[in-house]
Structures are given as C-alpha cells and as structure tokens.
Amino acid sequence: MNMTNAPLPTNFIQNIITEDLKDNKNGGRVHTRFPPEPNGYLHIGHAKSICLNFGLAVANGGICNLRFDDTNPSKEEVEYVESIQADVKWLGFDWDDRMFYASNYFDKLYEYTVGLIKAGKAYVCDLSAQEIRQYRGTLTEPGQDSPYRNRSIEENLDLFKRMRAGQFEDGARVLRAKIDMASPNINMRDPVLYRILRATHHRTGDKWCIYPMYDYAHPLSDAIENITHSVCTLEFADHRPLYDWALDQVDYAMEADGRPQQIEFARLNLTYTVMSKRKLRELVEHGYVSGWDDPRMPTISGLRRRGYTPESIRDFCDRIGVAKRDSMVDIALLEHCIREDLNLNGPRVMAVLDPLRVIIDNYPEGQVEWLEGENNPENPGMGSRQIPFSREVYIEREDFMEDPPKKFFRLAPGREIRLKSAYIIKCERVVKDDQTGAILELHCSYDPESHSGGATSGRKIKGTSHWVSAAHALKAEVRLYDHLFVDENPDDEGDGLDYKAKLNPSSLQVLTSCLVEPSLAGAAPGSRYQFMRQGYFCVDPIDTSENLLVFNRIVSLRDTWAKIQKGNESSTSA
RNA sequence: AGCCGAAUGGUGUAAUGGUAGCACGACUGAUUCUGGUUCAGUUCGUCAGGGUUCGAGUCCUUGUUCGGCUGCCA
C-alpha cells in the first residue's frame, strides 16, 4: 500500500539495527527469524511479530527465516505447522527456501552438548523435578548445588549417552548446565538443558527420547542459521544471560560473521479480546466459539474468515509500533484499518437486513427499470452496475418511524426520502396488523421526475435509504459480529471474575431473512462488499453454498446516528 | 523480599541535550443521492522530588507505580 519512500518505521529495534549497520556489525548483514512453536494457531499478536521480523529484514536489505521451534513433541502437531505456514503466507510474507525446524538440528545440538560436557560445563543430574525445584532456592534465597554437580566428565558422558539410548525412564535424569546456583537470576541456577521425554515427534518420530530445552536450543538454532537479531517478547528478557551463555560456551564453529543478539519487545494486547493460547484453546474446546477460525477469534484464520484483508492487518501492525512497555491497543484502531482499506476497495451494494415492504402506488404495476449504481464513489474506476427497480421494494425497518424524534432524517408518515440511485418517495399510508399493531407495510408515492440525474433530481432531501426490489432480491443469511467480550480487559481478574464470565452474549447475531440486490448472485466466497449505510461484509467462505449466501459482518460503518440516538436515550432517561 | 524491565494526551507511538509531533478515539462545523467518505477545527500529555546544563521527556539521583521471573513449557 505504501509505495512511496516512506521513512523507516522508527522504533528502538530499528535504531539498534541502524547502529549495527553503521558499525558494520555482523558484516553488515541483517538476518531475523520468526520462530513459532507449532502448538496452536497464530493470532494477531503473532502477526505483530511476523510483520516486525520480516519487515525489519526487508527494510534493512536482509532476510527472515521461518523456523518451527519444535523442541517439545508432546504439544506439537503437523496440523499446526501447516496452518502456520498458510497464515504467514496469507499475511503476505515469503521465507523463500528458508523454512527450518529446530528439530533439524537435534544431531548437531547433541554433538555440541557432548563437547559441552567434555568441557565440564554440563552434568547429568539425578534429582527429581521436585528436588530440583527445592534445590533451586527462591527469588530471594540462593539455591544449593545438586549432589550430582561434580560428577566426573567420564561419568557425565556415559550417562548422557545412556539417556539418549533410552536406558532411563522419562524424568529420571536431566542434563544441566553448570553455571551458578547462587545467581540472582534464577534462569542461571544450573538450568536444565535436556530432558528425557518419550513422545513421538511430528518430524523425527521416535528417533529421540531426549529433547533440548528452548533456552538451550534457541540460541544455538539462531547461531546455526546465522541470525543477527533475535527478536522475542519481553518475558524472555530474564533468559538473555542464558542465551548469551549458550553462545559463549559452545564452540559452534560458525563460519558466521558475527553472533546473534536477543532483543525483547512488548507483546500485543488488544481491548475486548484475549490473546493467550491457553484461553483461545479453551474457547474452542469448550464450544464458546465454533473453532479456531470463528470470525470472532483474534486468530489469523478467524480474522481471515471474518473478512479482514492481509493489507489491513499489516497496516495495523505498522501503526501500533514497537516498544518495551506493556500496553493495550484499542481494537478501534484495527477496525479503522479495515474500514480504510475497504472504503477504497470494497464495492458498494445494497442489502436490507430487516426488510419492511414498501408499495409505490403510483408506479406502474409490472414495470421494471434497470438503474445505474456506481460501485464505489471513492474509486470511479470500479465502474457501475444495473439495479432493478419496481413497484414493490423493501427498505430497512429502522429507516421508518411512525413518530420520529428530532433529527430523524428518514421516512415517516407524510415525509420523503430518496431511495439511493432511484427516486424520491413519500410515505402516504401505514398498514398495521389489527391485533398486534405491528407495521406490516408502507404505501408510498414516488416523484417520477426525481430519478437520479433527472429534472428534479437536485431536490434536497435529507435522507437517503438503501433498498431492494421485492421481485428481484436474493435471500441471504447475515451474521452480525461484535466483540467477543464485554469487558475491555477480560484478562483482568481483579474483580474476581474469570475471563469467561465476561463473554459477550450477543457477540453473534444471525439474521436469516435478509434481502440483497441481485448482482450478488454467485458472489465469490471470501469476497468483500460494503453494504451501503451498514458496514463491510464478507461472503463466508465455509458456509456459503449454491443455494444460500452467507455474509459475515467484518465491521460496521462509523455510525453518527447511533451516537445521536444514544445521546437522546440518556438525555430522556435522565 | 531478590533480580530484570518499563513509565509521554483517553489509547498507541515519535522526539538519540535544542519548537513535545503523528495516528486512533472523542467533540464542533462544512460537504455529501451512504447519518459513510472527505475537509476544516477543538480537546487532551512528558509519574514525583532533587541535581547537572545556557537549555532536560532525554543525563545523574532518590522515590512511586506497573509488568516479568521460583516448568524436566515456549
């Protein structure tokens, strides 16, 4: 979208890179990586990281790898590696031939580790998980050395080989780094490097029964891939000394020009949504949503199904910036981004969500006129289409009021409105149900001279309504989505309420008797439109079939009238 | 309590010792055959105290508040 010479996005990471480049650090290379663990679906928070890592590389003439951080087979599945690739691609990023797996390096890592043991920097520890915890000390008290800390190198080597050979049970022993049990940084108190874990790995199958820990595998994977800037989120800041330790200890014989540097930034938080994998999984598994791609989910697949464009998400990620402080971005910014995109690129179309029949008594019975409607006033290049007009039309029920309040510019008894791209009509008579008093239909007259572009077409009429011709309209199902939570910060349990207690009961409203203009026949799944005066909608790619059009509301239009109404309500009730 | 990190309008983010800017939101008004868009404008900010300096959001210092860390998860 931004094809001009936009200034580099300025943030503290770019500043670091700019300095590094100036110093010719890493031989002037910039090489980043996006390293998800394939244990779930990507969400908008990952999109921030993806845009950052790929964006930083591109902006500085570098490259970015996709790397699956698959060191814990008990949680990982191919389903996730596939969805992650699809999502990154859909967002518009390309890793070329640089898709890697940490598991590709298991052999290499094992060799490094043997060297580490030979150098006396690691030892096999027989303590149980619970004992290790006890020996580790607390935040304020130093830990104690493991009784196995001073095993001979020979014994460590032998034990480690036997760990690999499967001679011990899961959890019986671990390999630990020999660092400092009194370190004020708990991550440095002889952290576990390898654990025994019999789980079939989605890539390596049952070849291994020992797996390296993230803290150990990650820096070495970065080094193996010649990464220069290893960008991760804030909670890993305490792990950085260990990251550096691993690089220091292992003579990885990198032909690399330089060494990777870990840089931490604050993860994305969005109002009215949760972002943790655990909670998203819970929403899916307990049926609060229809799946990972439920259009209310903040997952990439959910946003995609909802109708968000990749461009709008990238734009959003550019706008939120990158910093080290925890923050909560207003979801209104995301909504602004998609509106801005679709305002320019979404064809206009008329759809009546809650139809009210209007009979135009002075319009000839049986006559049909095909009127021209521009597809996008912001973009004349998008051309126009023909819209049928006839004696019976439907308008939006809320566009008529029998007893309208002040500033109501729409239809009311004796009042006029313009039907968009057609004629001005006047409400002559209201037909109601004798029993219930419900409004059944309106009888109107039209001004034949008021055709768009016609003689009296210049007459000023305050209100313009969208409409469809009764004889030509197509039935459709429309799903109105709203925020998944009613609370701005569902994660905040300060009020004693679990995030699930803050689910929005009306986050989904299904309308089954909507009528849309006939040009929408056969609309492509996934295509996006502006339903005039209502919002942006997307043809649901899953549930739309040949005999049923299903639309998802991506986002409503900004609605000044709704605000005025709200103001009216509160002022009358006050 | 120990270590680490962060504090700039309602929200997010710039300003690398020199005019506190941009975006979103909110609010006015104008335009409009979408109560959309567009345009014009308004509102609102450097956590606190002390210090260095001709000059401090930025450097020093003390404090306050918030976040992270005691997995054989990542």
Side-chain angles (χ1 to χ4, degrees), chain A residues 9-12 15 19 35-37 39 69-72 74-76 125 127-129 132-133 136-143 170-176 183-189 191-197 211 213-215 217-218 232-241 264 266 271 277 319-330 332-337 339-340 343-344 348 350 374 376-378 407-410 417-422 424 450 452-453 457-466 530-535 556-565:
Chain A
T10 150
N11 62 61
F12 78 101
N15 291 346
E19 282 303 308
E37 183 189 16
N39 69 345
D69 226 325
D70 54 351
T71 56
N72 183 0
S74 64
K75 291 186 172 179
E76 299 152 5
C125 181
L127 254 25
S128 70
I132 286 183
R133 200 177 314 129
R136 186 156 36 222
T138 67
L139 292 175
T140 49
E141 303 157 283
D170 286 13
R173 283 176 228 259
V174 291
L175 183 78
R176 292 229 252 167
S183 170
N185 183 342
I186 290 181
N187 296 115
M188 300 298 274
R189 319 240 261 231
V192 171
L193 264 23
Y194 269 91
R195 77 283 215 182
I196 303 173
L197 177 61
Y211 292 93
M213 302 289 288
Y214 163 88
D215 278 328
H218 203 86
C232 64
T233 44
L234 245 31
E235 68 270 25
F236 292 104
D238 290 336
H239 299 235
R240 192 182 339 119
E264 310 88 15
T271 55
K277 261 183 202 174
R319 289 178 187 238
I320 57 177
V322 183
K324 294 191 76 145
R325 74 162 131 162
D326 298 297
S327 60
M328 173 82 67
V329 175
D330 193 337
L333 181 57
L334 215 211
E335 295 171 345
H336 166 80
C337 291
R339 283 194 189 108
E340 190 176 71
N343 178 46
L344 249 39
R348 272 58 170 172
M350 292 198 282
E374 57 183 347
N376 190 335
E378 305 300 317
K407 289 196 190 166
F408 184 83
F409 305 148
R410 309 177 188 182
I417 53 161
R418 172 178 288 285
L419 294 182
K420 175 73 185 174
S421 301
I424 295 170
S450 64
S452 292
S457 66
R459 267 173 67 200
K460 282 284 180 223
I461 296 289
K462 267 273 181 153
T464 300
S465 281
H466 55 99
Q530 183 195 98
F531 285 3
M532 294 220 329
R533 304 207 303 136
Q534 310 205 86
S556 66
L557 252 30
R558 283 186 67 231
D559 191 349
T560 312
W561 170 237
K563 284 177 195 166
I564 294 170
Q565 272 180 310

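Per chain, numbering begins at 1; letters A, B, ... match sequence-line order. Remember, predicted model here, so these are calculated numbers, not experimental data.
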| query | If you find the nucleotide of RNA chain B closest to Ala129(A) and the one closest to Met532(A), which residue's nucleotide is nearer the 5' end? | reply | Met532(A)

| request: Mind checking Thr71(A) for me? I need base, sugar-phosphate or nothing, with any heavy atom below 4.0 Å counting as a touch. | output: sugar-phosphate

| task | Output the single nucleotide from G2(B), A6(B), U34(B) whose closest atom is nearest the side chain of Lys324(A). | result | A6(B)

| When all nucleic acid strands are considered with a 4.0 Å heavy-atom cut-off, which category describes Ser128(A): base, sugar-phosphate, or nothing? | base

| Whole-angstrom distance between A48(B) and G57(B), as gauged at atom C1' | 14 Å

| request: Please measure how far the C1' atom in G9(B) lies from the corresponding atom in A14(B), and state the result in whole Å. | output: 14 Å

| task | Report yes if the ring of Trp561(A) lies under 5.5 Å from the six-membered base ring of G35(B) with planes under 30°, and no otherwise. | result | yes

| said: Work out how far the C1' atom of G63(B) is from that of A7(B), and round it to whole angstrom. | reply: 14 Å

| Can you tell me how far P in A15(B) sits from the matching atom in U31(B), rounded to whole Å? | 41 Å

| What is the nucleic acid contact for Phe408(A), judged by heavy atoms within less than 4.0 Å: base, sugar-phosphate only, or nothing? | base

| Verdict with reasoning, Glu340(A) to Arg319(A), per salt bridge (charged side-chain N to carboxylate O under 4.0 Å, His left out) | CA-CA 13 Å; Glu340(A) 190 176 71; Arg319(A) 289 178 187 238; 2.9 Å; yes

| request: Report which part of the nucleic acid Arg410(A) touches: base, sugar-phosphate, or nothing (heavy-atom distance under 4.0 Å, all strands). | output: base

| field | Gap in Å between the two C1' atoms, one belonging to U61(B) and one to A20(B), rounded | value | 24 Å

| Can you tell me how far the OG atom of Ser74(A) sits from the CG atom of Asp170(A), to the nearest 0.5 Å? | 10.0 Å

| Atom CG of Asn187(A) and atom P of C73(B): how far apart are they, to the nearest Å? | 14 Å

| message | Please check: side-chain N/O of Asn376(A) versus main-chain N/O of Leu344(A), any donor-acceptor pairing under 3.5 Å? | response | yes

| query | Along nucleotides 21-30 of chain B, 5' to 3', which nucleotides get a B, which get an S, and which get a -, given that the test is a protein heavy-atom distance under 4.0 Å? | reply | --SS-SS---

| task | Classify the nucleic acid contact of Ile196(A) as base, sugar-phosphate or nothing, counting any heavy atom under 4.0 Å across all strands shown. | result | nothing

| task | Quick one: look up who G9(B) pairs with, Watson-Crick or G-U, both distances under 3.5 Å, and put none if it's unpaired. | result | none

| request: Looking at every strand, decide which applies to Asp215(A) at a 4.0 Å heavy-atom threshold: base, sugar-phosphate, or nothing. | output: nothing

| Does OP1 or OP2 of G36(B) have a side-chain N or O of Thr560(A) closer than 4.0 Å? | yes

| query | On RNA chain B, nearest-nucleotide positions of Thr464(A) versus Tyr194(A): which is more 5'? | reply | Thr464(A)

| query | Which part of the nucleic acid does Ile564(A) contact within heavy-atom distance under 4.0 Å: base, sugar-phosphate only, or nothing? | reply | base

| Using the P atom in both, what is the distance from U53(B) to C60(B), to the nearest Å? | 16 Å

| field | Mutual orientation of the aromatic rings belonging to His239(A) and Tyr214(A) [parallel < 30°, tilted 30-60°, perpendicular > 60°] | value | perpendicular

| said: Can you see if the side chain of Thr271(A) gets near the phosphate of U11(B) - specifically, an N or O under 4.0 Å from OP1 or OP2? | reply: no

| message | Checking base pairs now: Watson-Crick or wobble, both atom distances under 3.5 Å. What partners A20(B)? | response | none

| message | Quick one, Arg339(A) and Ser556(A) - any side-chain contact, counting heavy atoms below 4.5 Å? | response | yes

